[in-house]
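Report on one structure; see the data block that follows.
In what follows, chains are A, B, ... by sequence order, proteins preceding strands, each numbered from 1.
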2 protein chains.
Amino acid sequence: MAGAIADPVRREILLMLREERLSAGEIAERFAVSRPAVSRHLRVLRESGLVHDELVGRRRFYVLDTGRFTELAEWLALFARPSGWEHHLDALETEVYRTRRERRERGVADRGRENTA
Amino acid sequence: MAGAIADPVRREILLMLREERLSAGEIAERFAVSRPAVSRHLRVLRESGLVHDELVGRRRFYVLDTGRFTELAEWLALFARPSGWEHHLDALETEVYRTRRERRERGVADRGRENTA
DNA sequence: ATGAAGCGTAACCTGTCGGTTACGCGTCCG
DNA sequence: CGGACGCGTAACCGACAGGTTACGCTTCAT
């Protein structure tokens with residue numbers, strides 16, 4: 001996963017997906033590089049679990065998966081000093097889990113196969 | 001900096017340096033790879049500001065620089081939800097700055113000699 | 001049914017990365 | 001002194017990452 005975040009294009013994609021889910025094309029047109037290149041970046045993000053995709057008709061939307069960020073936070077916490085922020089990062093973790101649960105509840109309904117574009 | 005953290009050997013080195021400062025040799029002997037290889041990993045870490053070196057006689061000690069971790073934390077905070085942990089990461093930042101100030105006071109003595117070929 | 005739209009994949013090329021060995025330079029010790 | 005020690009750098013090399021173009025498969029629209 002660390003490798004996935006190392007690339008500036010992929011980091012930018014992750015930032016874009018904070019706001020809303022975006023289709024592969026919508027993402028690609030915001031970069032100077034070719035669409036296939038972006039497509040592969042998306043694959044890397046997908047395989048590292050940082051995003052997942054939702055197929056809608058002939059379009060493929062990408063959605064941020066906040067869960068994996070927890071690991072980064074945990075690693076970061078290893079560098080905390082005793083008096084420091086480990087505690088806060090615990091709270092962070094809890095928050096992320098909550099997020100995940102909420103998403104699940106909000107609808108497994110639209111997990112694939114939506115209709116009409 | 002993101003690239004510096006992408007490599008597993010470098011991440012391991014950073015973990016090792018949490019406890020205490022270590023000389024290049026001490027670090028190298030804990031890895032299977034050759035000493036020059038480790039030496040270059042150390043250079044990458046140095047140039048990305050994650051560690052700095054302290055020359056003592058013919059030995060070169062490496063020390064963790066916690067300051068740069070703040071950036072990672074800040075980036076991570078960009079993915080926080082409104083209700084979430086941004087607040088906690090602010091606290092984290094404060095903590096890191098304190099660490100930096102302490103180190104500065106403890107001694108800037110041998111800040112020298114970095115990148116001269 | 002047919003053409004266009006939206007995406008992923010394959011094949012290919014190039015630059016960068018991580019590893020290795022050989023070497024050079026400053027430092028400690030007898 | 002002179003040799004051993006500690007460490008960085010240079011030169012070289014195989015592996016891989018990321019970019020490009022060409023292409024194929026679905027899905028929508030007419």
Side-chain angles (χ1 to χ4, degrees), chain A residues 1-17 20-64 110-117, chain B residues 1-17 20-63 109-117:
Chain A
M1 191 210 42
I5 292 182
D7 186 272
V9 171
R10 287 194 289 265
R11 280 200 303 275
E12 182 62 27
I13 291 176
L14 291 174
L15 287 175
M16 289 169 40
L17 292 178
E20 50 181 347
R21 77 178 189 178
L22 293 171
S23 70
E26 290 168 339
I27 294 172
E29 71 187 4
R30 304 191 192 188
F31 290 96
V33 300
S34 72
R35 199 187 51 66
V38 172
S39 184
R40 275 210 322 212
H41 280 304
L42 290 171
R43 179 154 60 116
V44 172
L45 290 174
R46 216 186 310 142
E47 288 175 347
S48 62
L50 287 165
V51 306
H52 70 91
D53 57 328
E54 296 172 356
L55 273 63
V56 179
R58 56 185 163 181
R59 303 207 290 165
R60 185 186 293 246
F61 285 95
Y62 285 89
V63 182
L64 198 61
D110 54 11
R111 248 320 179 115
R113 227 53 56 193
E114 285 181 7
N115 220 355
T116 311
Chain B
M1 193 213 38
I5 292 181
D7 187 271
V9 171
R10 288 196 287 267
R11 281 199 301 275
E12 182 62 25
I13 291 176
L14 290 175
L15 288 174
M16 288 169 44
L17 292 178
E20 52 182 346
R21 76 179 191 177
L22 294 171
S23 70
E26 291 168 341
I27 295 173
E29 71 187 5
R30 305 194 190 185
F31 290 95
V33 300
S34 71
R35 200 187 50 65
V38 173
S39 184
R40 274 209 325 211
H41 280 304
L42 290 171
R43 178 155 60 115
V44 172
L45 290 174
R46 216 186 308 142
E47 289 175 347
S48 63
L50 287 165
V51 307
H52 69 90
D53 57 326
E54 296 172 356
L55 272 65
V56 178
R58 56 184 164 181
R59 302 208 289 163
R60 184 186 293 246
F61 284 95
Y62 284 90
V63 182
D110 46 13
R111 258 276 173 169
R113 216 56 52 201
E114 281 219 357
N115 216 6
T116 324

OP1 or OP2 of D:dC7 sitting under 4.0 Å from any side-chain N/O of B:R43?
-> no
Is the closest side-chain heavy-atom distance between B:H41 and B:F31 below 4.5 Å?
-> no
Rounded to whole angstrom units, what separation is found between the CD1 atom of B:I27 and the C1' atom of D:dC7?
-> 12 Å
A:I13 CD1 to C:dC7 P: how many Å, rounded?
-> 13 Å
Round to the nearest Å and state the distance from B:I5 atom CD1 to C:dC17 atom P.
-> 16 Å
Classify the nucleic acid contact of A:Y62 as base, sugar-phosphate or nothing, counting any heavy atom under 4.0 Å across all strands shown.
-> sugar-phosphate
Listed partners of B:S39 passing side-chain hydrogen bond (donor to acceptor under 3.5 Å, both in side chains), at least two apart | none
Any side-chain heavy-atom pair from B:R10 and B:I5 closer than 4.5 angstrom?
-> no
Are B:R35 and B:V38 close enough that some pair of their side-chain heavy atoms sits under 4.5 Å apart?
-> no
Verify the contact: side-chain N or O of A:S34 to OP1 or OP2 of D:dT21, cut-off strictly under 4.0 Å; return yes or no.
-> no
Select one nucleotide: of D:dC7, C:dG6, C:dT27, the one nearest the side-chain heavy atoms of B:R58.
-> C:dT27
Side-chain heavy atoms of B:M16 within contact of B:E26, under 4.5 Å = no
N or O in side chain of A:R60 less than 4.0 angstrom from C:dG8 OP1/OP2 = yes
So, the side chain of B:R11 versus the backbone of B:A6: is there a donor-acceptor pair under 3.5 Å, distance only?
-> yes
Check the distance between D:dC7's C1' and B:F61's CZ and give it to me in whole angstrom.
-> 13 Å
Check DNA chain C against residues 35-42 of chain A and give the residues with a non-hydrogen atom under 4.0 Å, in numerical order.
-> A:R35, A:P36, A:S39
Is the shortest heavy-atom distance from the side chain of A:L17 to the side chain of A:I27 under 4.5 Å?
-> yes
Among D:dG18, C:dG18, D:dA4, which nucleotide sits nearest the side chain of A:D7?
-> D:dG18
Base, sugar-phosphate, or nothing: which does A:F31 touch, judged by heavy atoms less than 4.0 Å apart?
-> nothing
